[in-house]
Protein chains: 2
Amino acid sequence: MQKNMNHIPLSKQLKISCESCSLSDLCLPRGLSLKEMEELDDHIERPRNFDQNCQIYQPGDKFIGFYAVRSGGVKTYLTKKTGEQQILGFHLPGEVFGLDGLENSKQRCYATTLDNTSYCILPYEKLDALCETMPELRHQICHLLGHEMNCDHSHLLLLGQQTAHERLATFLLSISSRFKRRGFSATSFMLPMSRHDIAGYLGIAVETVSRLFKSFQEKDIVKINRKQVDILDMGKLNEMVANCEETD
Amino acid sequence: MQKNMNHIPLSKQLKISCESCSLSDLCLPRGLSLKEMEELDDHIERPRNFDQNCQIYQPGDKFIGFYAVRSGGVKTYLTKKTGEQQILGFHLPGEVFGLDGLENSKQRCYATTLDNTSYCILPYEKLDALCETMPELRHQICHLLGHEMNCDHSHLLLLGQQTAHERLATFLLSISSRFKRRGFSATSFMLPMSRHDIAGYLGIAVETVSRLFKSFQEKDIVKINRKQVDILDMGKLNEMVANCEETD
DNA sequence: TATGACACTTGATCCATGTCATTGAATGGG
DNA sequence: CCCATTCAATGACATGGATCAAGTGTCATA
């Protein structure tokens with residue numbers, strides 16, 4: 001089952017509506033009534049395609065609204081003056097990014113495509129206006145913001161308290177569950193990002209990522225071939241992060 | 001000039017309104033008209049006092065609303081199963097916390113007082129309802145959420161890419177500027193948190209915090225006496241973080 | 001003043017990761 | 001198809017901080 005729209009020509013993509021989008025139940029429209037969805041729909045800028053490695057925005061750019069990934073993938077990151085990137089998040093189809101512009105109406109980080117990528121833009125002014133009459137949309141947006149914040153918090157726990165082994169295991173499990181959520185295999189998938197980006201997300205060196213992948217393979221936990229990942233032993237992977245999850 | 005309300009008896013505190021609160025221009029009411037502020041005011045639960053080391057909420061607790069610190073200080077944190085705390089943020093008077101409950105109407109982290117502390121509660125349901133008719137409040141809340149998110153992002157950059165020296169320097173500058181914002185000295189202040197908590201925030205060991213404080217003193221950058229901090233050379237401190245700030 | 005609990009400091013040691021250098025594998029352009 | 005370039009893997013080595021183990025200062029209580 002081909003779920004993304006990679007190979008549909010641009011002319012057709014322009015007609016895509018939230019209602020017909022296979023990702024709509026993962027994205028902002030989730031929980032809205034049909035009527036509400038249609039109303040929202042009118043204000044969404046429809047997706048365009050971008051090559052790999054395109055800058056979508058950078059610090060200082062005017063904040064337009066939220067971005068929803070349709071296909072491909074996006075990384076958001078901050079940089080040190082010396083050039084090192086701290087990846088803040090990877091954004092896969094159905095996921096939203098760009099919230100870093102909310103504070104000052106200016107983007108605060110970089111957003112770059114990982115791959116051939118298309119996305120929708122949900123203009124903030126329109127969303128804000130719709131919020132006045134659509135309590136469900138208000139709640140959905142708050143839910144989204146809360147979710148992003150909680151993801152960042154988990155990421156802080158990872159960077160502050162986890163070993164390199166634990167970080168990589170956590171990362172693989174996160175990607176796996178996000179593929180699963182979209183209806184794809186949780187155990188066999190292609191990583192959309194480079195080793196460099198993985199290292200930047202996990203706060204470790206590229207070489208360490210390589211060595212850890214090797215070590216995971218030797219323990220028969222995963223099989224790695226370039227970007228292709230096959231998780232052989234989900235149990236062991238879960239064990240590795242058993243001490244990392246905060247108590248509920 | 002005594003700006004906080006620590007020593008005013010509870011009976012008087014109950015009469016405190018946003019309008020008369022010296023922190024209101026740092027807190028959620030900022031930017032609201034007098035009329036709007038009064039309307040908001042009616043729904044705010046007025047502060048109570050708590051001892052040091054009181055748990056305000058913990059993961060799983062029902063999300064009531066946003067918390068605004070009036071006096072004292074609060075830390076929010078996640079824990080590993082093995083007990084290590086990753087401090088997510090320190091919250092000083094005029095600052096808001098508790099947003100971690102937005103995703104699922106349940107708090108996701110712990111919030112604990114650092115000191116004798118009082119705070120206000122802004123019930124979420126009331127805020128949400130007011131948002132329908134008060135666009136300024138909507139914007140103020142979005143601004144707040146965006147700000148929190150950007151703070152978390154800076155914190156991610158710190159944990160992922162900065163050396164221990166840089167982390168501590170960044171930390172001191174952050175506390176300093178937040179004291180200044182409230183009208184206090186930017187160069188002489190008492191840290192409201194323990195070494196252990198500083199270590200937990202910076203993702204380093206307590207021993208490293210001690211050693212770095214010593215090293216900073218030997219370079220005549222600061223003078224440290226237990227919790228009392230005097231910044232002697234703000235220039236040097238800024239130099240230490242010169243490479244850490246993301247480009248604008 | 002004595003006593004215990006706790007927070008902080010300090011020193012010695014060790015190791016998980018970073019850094020540097022090299023090689024090999026994949027990819028893209030002409 | 002070849003060459004140039006980027007990306008990934010691997011080995012050798014270095015080191016920033018963690019860990020472990022005392023020691024010291026501070027505060028509360030009796």
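Computation of the quantities below employed the complete heavy-atom set of this structure, encompassing side-chain atoms and omitting hydrogens, waters and symmetry-equivalent molecules.
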Undergrad: Using whole Å, report how far CG of A:Leu212 lies from P of D:dA8.
TA: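 About 15 Å, once rounded to whole Å.
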Undergrad: Once you round to the nearest 0.5 Å, how far does OG of A:Ser154 lie from CG of A:Leu159?
TA: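 Atom-to-atom, A:Ser154:OG and A:Leu159:CG are 11.0 Å apart.
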Undergrad: Specify the separation, in whole Å, of atom CD of A:Gln162 and atom P of D:dG17.
TA: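 Answer to the nearest Å: 19 Å.
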Undergrad: In whole Å, I'd like the distance from the CG atom of A:Asp51 to the P atom of C:dG29.
TA: 10 Å
Undergrad: Please round to the nearest 0.5 Å and tell me the distance separating atom CZ of A:Phe50 and atom OG1 of A:Thr113.
TA: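 Rounded to the nearest 0.5 Å, the CZ-OG1 separation comes out at 8.5 Å.
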Undergrad: In chain order, what residues pass the side-chain hydrogen bond (donor to acceptor under 3.5 Å, both in side chains) check against B:His155, with sequence neighbours excluded?
TA: none
Undergrad: In residues 194-207 of chain B, which ones come under 4.0 Å of DNA chain D, going by heavy atoms?
TA: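 Here the set is B:Gly203, B:Ile204, B:Ala205, B:Glu207.
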Undergrad: Could you state the CG-C1' distance from A:Asn53 to C:dT27, rounded to the nearest angstrom?
TA: 14 Å
Undergrad: Can you check the B:His165 NE2 to D:dT15 P distance for me, whole Å?
TA: 15 Å
Undergrad: Using the rule ring pair (Phe, Tyr, Trp, His ring centres under 6.0 Å), only one of A:Tyr119, A:Tyr77, A:Tyr67, A:Tyr110 pairs with A:Tyr57; which is it?
TA: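 In the set A:Tyr119, A:Tyr77, A:Tyr67, A:Tyr110, the residue that makes a ring pair (Phe, Tyr, Trp, His ring centres under 6.0 Å) with A:Tyr57 is A:Tyr67.
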Undergrad: Judged by atom type as modelled, is there a donor-acceptor pair below 3.5 Å linking the side chain of B:Asp115 to the main-chain atoms of B:Thr117?
TA: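 Such a contact is absent between B:Asp115 side chain and B:Thr117 backbone.
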Undergrad: Do the side-chain N or O atoms of B:Thr208 get closer than 4.0 angstrom to the phosphate oxygens (OP1, OP2) of D:dA18?
TA: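 Indeed, a polar side-chain atom of B:Thr208 lies that close.
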Undergrad: Figure out the CE/C1' separation between B:Met190 and D:dT26, and round it to whole Å.
TA: 13 Å
Undergrad: Applying salt bridge (charged side-chain N to carboxylate O under 4.0 Å, His left out), which residue pairs with at least one partner in residues 193-218 of chain B are found, sequence neighbours left out?
TA: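 Non-adjacent pairs meeting salt bridge (charged side-chain N to carboxylate O under 4.0 Å, His left out): B:Lys75-B:Asp197.
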Undergrad: Under the 3.5 Å rule, do the base of D:dG16 and the side chain of B:Arg211 count as making a donor-acceptor pair?
TA: no
Undergrad: Return the value, rounded to whole Å, for the distance between atom CG of B:Leu159 and atom P of D:dA18.
TA: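 Going from B:Leu159 (CG) to D:dA18 (P), I get 12 Å.
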Undergrad: Could you walk me through whether B:Ile198 and B:Met193 pass the side chain to side chain contact (heavy atoms under 4.5 Å, CB included) test, one step at a time?
TA: CA-CA 7 Å; B:Ile198 296 173; B:Met193 71 294 286; 3.6 Å; yes
Undergrad: Does B:Ser176 reach the main-chain N or O of B:Ala186 with its side chain, forming a donor-acceptor pair under 3.5 Å?
TA: yes
Undergrad: Determine which pairs satisfy salt bridge (charged side-chain N to carboxylate O under 4.0 Å, His left out) with at least one residue from residues 162-179 of chain A, sequence neighbours left out, and list them in order.
TA: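 Those involving residues 162-179 of chain A are A:Glu95-A:Arg178, A:Glu166-B:Lys80.
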Undergrad: Which ones in residues 213-233 of chain B lie close to DNA chain D, meaning a heavy atom under 4.0 Å from one of its atoms?
TA: B:Arg226
Undergrad: Enter the inter-axis angle for the ends of the helix from C:dT1-D:dA30 to C:dG30-D:dC1 (five pairs per end, rounded to 10°).
TA: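 Here the helix ends are tilted 50° relative to one another.
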Undergrad: Rounded to whole Å, how long is the line connecting atom CG of A:Leu114 with atom P of D:dC7?
TA: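 Value for this atom pair: 13 Å.
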Undergrad: Walk me through whether B:Ile221 and B:Met240 qualify under side chain to side chain contact (heavy atoms under 4.5 Å, CB included).
TA: CA-CA 11 Å; B:Ile221 296 172; B:Met240 295 187 67; 4.1 Å; yes
Undergrad: Do B:Phe90 and B:Tyr201 have ring centres separated by under 6.0 Å?
TA: yes
